[in-house]
Amino acid sequence: MRVCERSPISVLCVLPDLREIVFVIQSQSNSFHVRQAERRRADLLKQAHSLTELHLLLFYYLTVVLMILYFLCVLSLSHSFGKNSSWIVFLEEETNVKMNKLVQVLTKFDTNKEWFLGKPLHDEESTIIHHYAFAENPSIFKYPDFAAAWAVSAPLVVRLADKVRNEPLKSDFTIDLKHEVALYIWDNGNGPHLTAVPELCTEPEDSPQTQHCATTLSTEPPPCGEPVNKEDIFVAVKTCRKFHSERVPVIKKTWEKDAFSLEYYSDHADPSIPTIDLGVPNTERGHCGKTFAILQRFLSSSVPNTKWLLVVDDDTLISLSRLQVLLSCYNPSEPVCLGERYGYGLSQGGYSYITGGGGMVFSREAVVRLLNSGCKCYSNDAPDDMVLGMCLNALGLPVTHSPLFHQARPEDYARDFLAHQVPISFHKHWNIDPIAVFNKWLKDDLRAEASDGLNKSAKTEL
């Protein structure tokens with residue numbers, strides 16, 4: 001074996017004269033995710049010792065949900081490996097690969113043709129997170145579940161590389177990368193549809209139903225500690241006077257009791273809730289002024305000195321006990337900004353940001369660096385999450401994505417995608433019973449269940 005190094009890609013060459021499969025591990029720059037990806041890399045290498053026609057690649061990219069980096073990666077890979085490799089297989093940190101079975105599966109397909117392989121997901125109804133695509137029949141379009149791994153054949157890689165080179169990406173917003181990648185490959189019917197591969201699975205690796213599977217989800221707990229103490233999380237809820245009687249009662253009936261330190265911030269001080277007026281007038285959209293006032297208050301002596309800040313909307317539904325488990329994987333002394341990540345203008349040098357509705361989590365260190373930088377709103381009604389994203393990008397601070405946070409309702413996500421998650425949050429009360437949604441998706445009958453679910457079940461997607 002020899003090791004070939006190329007920044008920011010580390011290439012591990014196994015018997016380089018027989019290169020057939022390139023593995024790309026989707027990861028992030030946060031130290032926890034780097035460790036997780038290294039564990040996956042080590043497992044692949046261990047299996048590769050018994051095989052001869054594999055070329056392993058570990059690709060740490062800083063922004064896992066950014067389409068532009070995906071296809072720049074494909075462009076680079078086509079030049080580096082296109083002549084000698086037949087497949088590029090993308091997998092996530094928690095994706096277990098049974099290499100022998102995966103090789104057997106891939107040999108069923110003619111490598112001279114364009115193939116786009118994966119476990120298909122589909123929408124039950126048109127959804128905002130997919131820009132209401134295929135509104136008349138949303139279930140007709142299939143896109144891959146990244147957790148099960150997905151693969152593209154060399155001819156398709158070469159054509160995609162040419163397309164990226166000759167046609168700049170046009171999307172302003174990157175919301176759900178797996179759907180947007182499938183749309184880009186399909187290319188309005190000029191490219192291949194996703195081909196379903198039953199052996200690409202998202203069942204737990206120890207399930208008796210996975211004997212046929214080439215991929216599964218790991219049941220091994222991530223190397224994290226005990227759940228963080230509830231005393232270490234300060235919760236800030238953004239609301240306004242008109243929602244005091246409509247949305248705030250939902251929080252009080254569902255997840256407020258699980259918070260140790262929580263404050264409601266409004267344009268009107270209501271002692272019955274109570275709410276705090278930060279002196280920022282309410283705006284119909286954006287709420288940047290209010291959010292930055294919350295960041296400043298978090299660092300003041302007016303609230304407890306905690307390690308973590310959670311900022312949510314008044315129509316956010318969230319499991320704080322599950323959040324406590326997730327945060328055990330992150331170091332609060334690092335500048336951590338965590339949630340569901342979106343992107344804006346990425347093909348033109350834009351930025352990623354934590355979308356606010358699903359909940360934005362900041363370590364104290366991240367808040368200190370943000371405010372010390374002089375970052376501020378250009379107006380009170382500027383989009384707070386996007387302004388924060390611009391500031392973090394300017395500071396070179398990473399935005400860490402977790403698919404357990406959700407900007408939309410459960411109905412807006414594919415059923416099979418949610419089936420292997422223990423979700424942390426959802427957002428919006430529109431056309432749903434929010435208390436029923438909380439009880440179905442986020443309520444833990446016993447406090448220990450959240451820890452057990454996230455640490456021992458294959459439904460994690462940390």
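Within the 4.5 Å cutoff, no side-chain heavy atoms of Asp267 are placed close to those of Pro281. Within the 4.5 Å cutoff, no side-chain heavy atoms of Val235 are placed close to those of Trp308. Looking at heavy atoms from C-beta onward, Phe141 lies out of side-chain contact with His122 at the 4.5 angstrom threshold. Looking only at side-chain heavy atoms (C-beta outward), Leu338 and Ser402 come within less than 4.5 Å of each other. Looking at Ser328 and Leu326, their side chains never come closer than 4.5 Å, going by heavy atoms from C-beta outward. Using a 4.5 Å cut-off on side-chain heavy atoms (C-beta onward), His429 and Asp315 make contact. Side chains of Met390 and Tyr378 form a contact here, defined as non-hydrogen atoms less than 4.5 Å apart. Considering only heavy atoms from C-beta on, Leu388 stays 4.5 Å or farther from Val399 through its side chain.
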- Message: Val197 vs Leu200, test: side-chain contact (heavy atoms from CB on, under 4.5 Å). Steps then yes/no.
- Response: CA-CA 6 Å; Val197 178; Leu200 299 180; 3.9 Å; yes
- Task: Please step through side-chain contact (heavy atoms from CB on, under 4.5 Å) for the pair Val367 and Leu309, ending with a clear verdict.
- Result: CA-CA 9 Å; Val367 177; Leu309 169 66; 4.2 Å; yes
- Are Val311 and Met360 close enough, and set up right, to give a side-chain contact (heavy atoms from CB on, under 4.5 Å), and what steps lead you there? CA-CA 5 Å; Val311 181; Met360 300 183 289; 4.1 Å; yes
- Applying side-chain contact (heavy atoms from CB on, under 4.5 Å), run through Leu327 and Lys307 and close with a yes or a no. CA-CA 10 Å; Leu327 289 181; Lys307 298 177 180 178; over 6 Å; no
- Task: Give the C-alpha distance, both sets of side-chain angles, the deciding distance and a yes or no for side chain to side chain donor-acceptor pair (under 3.5 Å) between Asp277 and Thr275.
- Result: CA-CA 7 Å; Asp277 183 356; Thr275 60; over 6 Å; no
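For the pair Thr95 (side chain) and Leu91 (backbone), a donor-acceptor distance under 3.5 Å is absent. Side-chain atoms of Glu180 come within 3.5 Å of backbone N or O of Asp176 as a donor-acceptor pair. Not a single donor-acceptor pair under 3.5 Å links the side chain of Asn229 to the backbone N or O of Glu231. Using modelled atom types, no side-chain atom of Arg241 and backbone atom of Ser266 make a donor-acceptor pair closer than 3.5 Å. A side-chain donor-acceptor contact under 3.5 Å links Thr254 to the backbone of Val250. The main-chain N or O of Leu317 is never found under 3.5 Å from a side-chain atom of Ser425 such that the two would form a donor-acceptor pair. Panel note: side chain His427, backbone Gln407; a donor-acceptor pair is recorded below 3.5 Å. Between the side chain of Asp123 and the backbone N or O of Glu125 there is no donor-acceptor pair closer than 3.5 Å. When atom types are taken as modelled, the side chain of Lys242 and the backbone of Thr239 share no donor-acceptor pair closer than 3.5 angstrom. Checked by atom type and distance alone, the side chain of Glu263 never pairs as donor or acceptor with a backbone atom of Ala236 at under 3.5 Å.
Aromatic ring centres of His130 and Tyr143 lie closer together than 6.0 Å. Aromatic ring centres of Trp186 and Phe134 lie closer together than 6.0 Å. For Phe173 and His131, the ring centers are positioned 6.0 Å apart or more.
Residues Asp314 and His244 bring no donor and acceptor atom of their side chains to less than 3.5 Å of each other. Checked by atom type, the side-chain pair Lys98/Thr215 shows no donor-acceptor distance below 3.5 Å. A donor atom on one side chain and an acceptor atom on the other are not found under 3.5 Å apart for Asp232 and Thr306. Side-chain contact of Ser27 with Glu93: a donor-acceptor pair under 3.5 Å is present, judged by distance alone. Side-chain contact, Tyr330 with His33: a donor N or O sits under 3.5 Å from an acceptor N or O. A donor and an acceptor atom, one from each side chain of Gln28 and Arg341, are located under 3.5 Å apart.
Phe146 and Trp150 have parallel rings, their planes meeting at less than 30° on a 0 to 90° scale where 60° marks the start of perpendicular.
The distance from atom NZ of Lys230 to atom CG of Leu262, rounded to the nearest 0.5 Å, is 11.5 Å. Taking CG from Leu44 and CZ from Arg39, the interatomic distance works out to 13.0 Å, rounded to the nearest 0.5 Å. Separation of atoms CG (Asn188) and CG (Leu183) is listed at 8.0 Å; rounding is to 0.5 Å. We find the CG-CD distance between Asn331 and Glu365 to be 10.0 Å, quoted to the nearest 0.5 Å. Separating the CG atom in Leu392 from the OH atom in Tyr351 is a distance of 11.0 Å, to the nearest 0.5 Å. Annotation: the span from Arg247 atom CZ to Asp313 atom CG amounts to 8.0 Å, rounded to 0.5 Å.
Ser126 and Ala133 get closest at one heavy-atom pair: CB-O, 4.4 Å. Considering all non-hydrogen atoms of both residues, Lys290 and Leu278 come closest at O-CD1, 4.0 Å. The minimum heavy-atom distance linking Asn96 with Arg40 is given by the pair OD1-NH1, 2.9 Å. Smallest separation of non-hydrogen atoms from Asp385 and Ile354: CB-O, 3.0 Å. Of all heavy-atom pairs between Arg409 and Tyr413, the closest is O-CD1, 3.1 Å. Nearest heavy-atom pair across Val280 and Ala293 is CG2-CB, 4.2 Å.
At most 12 heavy atoms of other shown residues, nucleotides or ligands fall within 6.0 angstrom of atom NZ in Lys253. Heavy atoms of other residues, nucleotides or ligands lying less than 6.0 angstrom from NZ of Lys238 number more than 12.
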Please report, to 0.1 Å, the donor-acceptor pairs under 3.5 Å made by any side chain of residues 431-441, with sequence neighbours excluded.
from	atom 1	to	atom 2	distance (Å)
Asp433	OD1	Ile435	N	3.1
Asp433	OD1	Ala436	N	3.3
Asn439	ND2	Ile435	O	3.3

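For the pair Arg35 and Phe32, the cation-pi criterion (under 6.0 Å, within 45° of the ring axis) is not fulfilled.
Residues satisfying the salt bridge (charged side-chain N to carboxylate O under 4.0 Å, His left out) criterion with Glu124, sequence neighbours excluded, are Arg415.
The pair Lys178-Glu92 does not count as a salt bridge, with every side-chain nitrogen at least 4.0 angstrom from each carboxylate oxygen. A salt bridge links Asp187 to Lys163: one of the charged nitrogens lies within less than 4.0 Å of a carboxylate oxygen.
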